[in-house]
Q: 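Shown below is the structure under consideration.
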Amino acid sequence: MELGWLVCGTAVLLLLHVLMELSPAVNFALRIGFYCVLCLVSSALAAAACLLVNGGRTVKNMRIIKAVVKTFKYFFGLRFEVKGLENFEVEGPAIIVSNHQSILDMMGLMEILPDNCVQVGKKELMYTGTVGLIIYLGGVIFINRKSTSSAKMVMAEVAKTMANENLKVWVYPEGTRNCTGDLLPFKKGAFHLAVQAQVPVIPVVYSSFTTFYNPKTKLFTSGKIKVEVLPPIETKGLTSDDVTDLTDRCFCTMRETLFRLSGRPSEAKDSS
């Protein structure tokens, strides 16, 4: 009986391997499925560790979450090449903004996440099972994107919390995932927050995933991700009248960097 199960299991694994080699769609579905299962299982284990070590919701839990998620890259053959980490070493709070490409962004985030840093995320993430639990325990700030007044109130509270707890806050200014190899127009919330709190904006840029990950073409293979932390942009002395210019400056700098990291220098020149 045991031999029968062994033979059957081996046959299934071989069949899956053949299908993955022959069909990009099957390969994509299986890798995404494995990624989702890995997230759910790892979140449950990390949540238990967070509760045991720190007792509840706190930014300190991000160290545990970071240690767990940093192992994911080995399962998927992803390599990170990181530059500019010294730019995180600013005194006091800061707003960190980065491009947002896919569900794989969590791996890139945890690869370089500085201490005392929380993320801003959509409220719906709270209802994603153990993943929702672990990001709650990590101190993620949830906003209701459908309610402008609610989002503004949350961001006002974030400004106070940043100052009181000396936190850095990570925001995706595009507002949604964008796996096109370019940037979507930036929403101004993060930049209003930076000006209101008079804290620097630190741009972070990840190279395009399109060479190894593309849901439209069912592509998901191993690959290298280049990451660059850019110098902080000061906001001291700026007012709400300067937010549009600050947003545009950050967008142009990040877009040029995205093209350069992704090996698209000609497009970077065209955009300037």
Side-chain angles (χ1 to χ4, degrees), residues 38-72 85 87-98 100 103-145 147 150-177 187 189-194 196-204 206 229 232:
L38 184 62
C39 287
L40 290 170
V41 173
S42 298
S43 294
L45 296 174
C50 289
L51 290 170
L52 286 171
V53 175
N54 294 313
R57 176 175 165 87
T58 170
V59 68
K60 293 179 182 178
N61 286 327
M62 293 309 301
R63 289 188 177 185
I64 296 173
I65 299 168
K66 180 178 178 179
V68 172
V69 175
K70 284 186 74 171
T71 66
F72 285 17
L85 284 177
N87 289 317
F88 281 146
E89 297 172 5
V90 298
E91 291 187 13
I95 299 294
I96 301 171
V97 293
S98 73
H100 191 17
I103 60 173
L104 305 183
D105 285 345
M106 181 178 63
M107 286 190 279
L109 170 70
M110 294 301 165
E111 187 70 20
I112 65 169
L113 187 75
D115 286 340
N116 295 319
C117 181
V118 296
Q119 299 80 53
V120 172
K122 58 186 179 182
K123 188 178 180 181
E124 291 83 354
L125 290 173
M126 292 180 64
Y127 310 111
T128 52
T130 55
V131 174
L133 173 61
I134 194 62
I135 60 179
Y136 169 80
L137 290 174
V140 169
I141 300 163
F142 299 103
I143 60 171
N144 184 358
R145 296 190 302 180
S147 172
S150 174
K152 286 182 177 179
M153 289 176 61
V154 170
M155 294 307 254
E157 288 299 315
V158 172
K160 295 178 183 178
T161 304
M162 271 199 311
N164 293 337
E165 300 182 22
N166 193 28
L167 294 177
K168 293 180 175 63
V169 176
W170 192 298
V171 184
Y172 294 109
E174 291 171 280
T176 190
R177 298 169 187 161
K187 299 182 184 300
F191 304 96
H192 275 293
L193 178 58
Q196 179 183 344
Q198 294 286 281
V199 299
V201 176
I202 305 176
V204 175
Y206 295 84
V229 183

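All values derive from a computational prediction rather than experimental measurement.
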Q: Are the side chains of Thr161 and Val158 in touch, meaning some heavy atoms are under 4.5 Å apart?
A: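 A side-chain contact is absent here, since even the closest heavy-atom pair is not under 4.5 Å.
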Q: Let me confirm one number: the CG-CG distance from Leu104 to Leu109, rounded to the nearest 0.5 Å.
A: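 With rounding to 0.5 Å, CG (Leu104) is 12.5 Å from CG (Leu109).
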Q: What is the minimum heavy-atom distance between Ile96 and Cys117, and which atoms define it?
A: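 Distance-wise, the nearest heavy atoms are CD1-SG, 4.0 Å.
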Q: Please find the pair of heavy atoms, one from Asn61 and one from Gly138, that lie closest to each other, and give the distance.
A: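 Closest pair (atom of Asn61, atom of Gly138, distance): CB-CA, 4.1 Å.
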Q: If you look at every heavy atom in Cys50 and Ile65, which pair is closest and at what distance?
A: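 That would be SG-CG1, 4.4 Å.
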Q: Where do Ala94 and Val90 come nearest, in terms of heavy atoms and distance?
A: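 Heavy atoms only, the tightest pair is CB-CG2, 4.0 Å.
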Q: Fit a plane to each ring of Phe142 and Tyr136, take the angle between them on a 0 to 90° scale, and name the class: parallel (under 30°), tilted (30 to 60°) or perpendicular (over 60°).
A: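 Taking Tyr136 first and then Phe142, their aromatic rings lie parallel (interplane angle under 30°).
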Q: Grab the two heavy atoms, one from Pro114 and one from Lys168, that are nearest each other, plus how far apart they are.
A: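 Heavy atoms only, the tightest pair is CG-CD, 4.1 Å.
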Q: With rounding to the nearest 0.5 angstrom, report the CD1 to NZ distance, Ile141 to Lys123.
A: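 Here the rounded value is 15.0 Å.
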Q: I'd like to check Leu113 versus Gln119 (side-chain heavy atoms, cut-off strictly below 4.5 Å). Are they in contact?
A: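 With C-beta onward as the side chain, the pair touches.
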Q: Is there side-chain contact between Ile202 and Pro232, with heavy atoms separated by less than 4.5 Å?
A: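 They are in contact (side-chain heavy atoms under 4.5 Å apart), so the answer is yes.
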Q: Is it true that a side-chain atom of Arg63 and a backbone atom of Asn116 form a donor plus acceptor pair closer than 3.5 Å?
A: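 Flag not set: sc Arg63 to bb Asn116 has no pair under 3.5 Å.
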Q: For Lys187 and Glu174, work out which heavy atoms get closest and say how close.
A: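 The answer is CE-O, 4.0 Å.
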Q: Go through the steps to decide whether Leu125 and Val140 satisfy the test side-chain contact (heavy atoms from CB on, under 4.5 Å), and finish with yes or no.
A: CA-CA 10 Å; Leu125 290 173; Val140 169; 5.7 Å; no
Q: Taking the side chain as C-beta and beyond, is there a heavy-atom pair between Leu193 and Met162 under 4.5 Å?
A: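 Answer yes - side chains close enough.
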Q: Going through the checks in order, is the side-chain contact (heavy atoms from CB on, under 4.5 Å) test met by Ile64 and Asn54?
A: CA-CA 10 Å; Ile64 296 173; Asn54 294 313; 4.1 Å; yes
Q: What distance separates Leu167 CG from Asp115 CG, expressed to the nearest 0.5 Å?
A: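 Between Leu167 CG and Asp115 CG, I get 11.5 Å after rounding to 0.5 Å.
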Q: Please evaluate residues Phe72 and Met106 with respect to the criterion side-chain contact (heavy atoms from CB on, under 4.5 Å), reporting the C-alpha separation (whole Å), side-chain torsions for both, the decisive distance (0.1 Å), and the verdict.
A: CA-CA 10 Å; Phe72 285 17; Met106 181 178 63; 3.9 Å; yes
Q: Students often mix this up, so state it plainly: with edges at 30° and 60°, are the rings of Tyr172 and His100 parallel, tilted or perpendicular?
A: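 Correct class here is parallel.
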Q: How long is the gap from NZ on Lys122 to OG1 on Thr128, to the nearest 0.5 Å?
A: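 It comes to 9.5 Å.
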Q: Quick one: does Phe88's side chain get under 4.5 Å of Val204's, heavy atoms only?
A: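 Counting from C-beta outward, Phe88 and Val204 do come under 4.5 Å.
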Q: State the OG-CD1 distance between Ser42 and Ile134, to the nearest 0.5 angstrom.
A: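 Spacing of OG (Ser42) from CD1 (Ile134) equals 10.0 Å.
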Q: Nearest 0.5 Å, what's the CE-CD1 distance between Met107 and Ile112?
A: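 Those atoms lie 14.0 Å apart.
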Q: In sequence, state the C-alpha distance, the side-chain angles, and the governing distance for Ser43 and Leu133, and then conclude on side-chain contact (heavy atoms from CB on, under 4.5 Å).
A: CA-CA 8 Å; Ser43 294; Leu133 173 61; over 6 Å; no
